[in-house]
2 protein chains.
Amino acid sequence: MKRSLEHIEYKEDTEALAKFAKALGHPTRIAILKHLESQSCCFTGDLVDVFPLAQSTISQHLKELKNAGLIQGELKPPKIKYCINKENWKIAKSLFQQFFD
Amino acid sequence: MKRSLEHIEYKEDTEALAKFAKALGHPTRIAILKHLESQSCCFTGDLVDVFPLAQSTISQHLKELKNAGLIQGELKPPKIKYCINKENWKIAKSLFQQFFD
DNA sequence: TTTTCTTATCGTAAAATTACGATGAACGAT
DNA sequence: ATCGTTCATCGTAATTTTACGATAAGAAAA
């Protein structure tokens, strides 16, 4: 990209909302989150069984959701249990809520 | 991408939500929508004045928001007046609402 | 008809995204 | 110490996104 301009500074809420939205901007990730909501938690392997995607692809989506703060992983050797990050979930919820009025 | 697998079919709601989320997944577009909400409507040129971005860039963001159905353009020659698409806005709102519980 | 104003679209380039298979790291079990 | 299981990360490739300037399209005005 021709990026002559330095990064534009938006309000904190705007950036935060965009970040959450971006993480939600893929059907696989929505589906993963819905699955997590219904199960409350689950392992990577469970998702690999549910979705017709490579293990590495699932892992990549999980990473993005984790980076966005929507989920968190708990070590349960040799597995990792993923759950919704309820704290940030609430933040995201209220950001979307107030955005849509 | 190595796309050996055909496109995965998700539930309609999942696809719809991801589409809305993706459109919201950029701070500039969030800011544009917030601006539209406060003003109810505005012209492309107004936005070019507000944001330090090229006219073509603004136009591109508007196109994405329009493609996602979040805004609509009304011909007001020689300008185009953009407004929130209230019908789809409501749909998006309820999709996010039910997603977050 | 030509000019002017506004906005969209085109062409381009850099970066990010999304997918895959292969490999590596962490841990328990053998 | 080695093996097996689980998951993350690496390397790669195609596609999409995001930005820019330049150009085209549309309608009113001169």
Side-chain angles (χ1 to χ4, degrees), chain A residues 1-10 14-15 18-32 35-36 41-68 71-83, chain B residues 1-10 14-15 18-32 35-36 41-68 71-83:
Chain A
M1 301 186 234
K2 273 171 272 178
R3 290 285 143 79
S4 53
L5 294 161
E6 66 279 37
H7 179 248
I8 301 171
E9 282 297 326
Y10 292 98
T14 298
E15 299 270 13
K19 188 179 165 188
F20 283 129
K22 190 171 191 179
L24 297 177
H26 195 283
T28 295
R29 290 197 288 270
I30 296 286
I32 287 174
H35 192 81
L36 276 180
C41 288
C42 79
F43 304 104
T44 307
D46 301 344
L47 298 169
V48 175
D49 293 338
V50 172
F51 299 99
L53 295 167
Q55 179 266 320
S56 56
T57 303
I58 298 285
S59 195
Q60 219 170 297
H61 282 304
L62 287 171
K63 188 184 179 181
E64 287 201 48
L65 290 172
K66 200 167 59 183
N67 285 343
I71 63 172
Q72 63 198 145
E74 187 190 339
L75 257 81
K76 217 82 173 173
K79 302 189 182 183
I80 293 172
K81 197 173 76 174
Y82 280 105
C83 306
Chain B
M1 300 185 234
K2 274 171 273 176
R3 288 287 142 79
S4 54
L5 293 162
E6 65 279 36
H7 179 251
I8 301 171
E9 283 297 327
Y10 292 98
T14 298
E15 298 269 14
K19 189 178 164 189
F20 283 129
K22 190 170 190 177
L24 298 177
H26 196 283
T28 295
R29 291 198 286 272
I30 296 285
I32 288 174
H35 192 81
L36 276 179
C41 287
C42 79
F43 303 105
T44 306
D46 301 344
L47 298 170
V48 176
D49 293 338
V50 172
F51 298 99
L53 295 167
Q55 179 265 322
S56 56
T57 301
I58 298 287
S59 195
Q60 219 170 297
H61 282 304
L62 288 171
K63 189 185 178 181
E64 288 201 48
L65 290 172
K66 199 167 61 184
N67 285 345
I71 63 172
Q72 64 199 142
E74 187 189 340
L75 257 80
K76 219 80 176 175
K79 301 190 185 182
I80 294 173
K81 196 173 74 173
Y82 280 105
C83 306

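To the nearest 0.5 Å, atom CZ of residue A:R29 and atom CG of residue A:L62 are 10.5 Å apart.
For A:S59, whose side chain is taken as the heavy atoms from C-beta onward, the closest listed nucleotide among D:dA8, C:dT9, D:dC7 is D:dA8. The side chain of A:L62 sits closest to D:dA8 out of C:dT9, C:dT7, D:dA8. Closest contact between the side chain of B:R29 and the listed nucleotides C:dA19, D:dT6, D:dT18 involves D:dT18. Listed nucleotides D:dT18, D:dC7, C:dC20 differ in distance to A:Q60; the shortest reach to its side chain belongs to C:dC20.
Remark: B:H61 is in phosphate contact with D:dA19, judged by side-chain N or O atoms under 4.0 Å from OP1 or OP2.
For the pair A:F43 and B:T57, both in contact range of DNA chain D, the more 5′-proximal nearest nucleotide belongs to A:F43. In terms of position on DNA chain C, the residue among B:S56 and B:K22 whose nearest nucleotide sits closer to the 5' end is B:S56.
Checked options B:V48, B:D46, B:D49; the residue passing with B:I58 is B:V48 (criterion: side-chain contact (heavy atoms from CB on, under 4.5 Å)).
Put simply, NZ on A:K79 is 14 Å from C1' on D:dG4, counting in whole angstrom units. Across the protein-nucleic acid pair, B:I58 atom CD1 and C:dT9 atom C1' stand 16 Å apart, rounded to whole Å. As a whole-Å value, the separation of A:L65 CG from C:dT17 P is 13 Å. The nearest whole Å value for the distance from the CG atom in A:N67 to the C1' atom in C:dT18 is 15 Å. Straight-line distance from the CD1 atom of A:I80 to the P atom of D:dT5: 17 Å, rounded to whole Å. The distance between atom CD of A:E74 and atom C1' of D:dA8, rounded to the nearest whole Å, is 18 Å.
In terms of heavy atoms, B:K19 sits closest to B:A68 at CE-CA, 3.9 Å. Taking each heavy atom of A:T28 and A:L53 in turn, the nearest pair found is CG2-CD1, 3.7 Å.
Note on B:K66: nothing from the nucleic acid sits closer than 4.0 angstrom, heavy atoms only. Counting non-hydrogen atoms under 4.0 angstrom, B:Q55 reaches a base of the nucleic acid.
Near DNA chain C, meaning a heavy atom under 4.0 Å from it, residues 44-51 of chain B has B:T44, B:G45 in order of number.
Ring orientation note: the planes of B:H35 and B:F51 are nearly perpendicular, at an angle over 60° on the 30°/60° scale.
Annotation: side chain to side chain donor-acceptor pair (under 3.5 Å) contacts of A:T57 (sequence neighbours excluded): none. Residues satisfying the side chain to side chain donor-acceptor pair (under 3.5 Å) test with A:S56, not counting sequence neighbours, are none.
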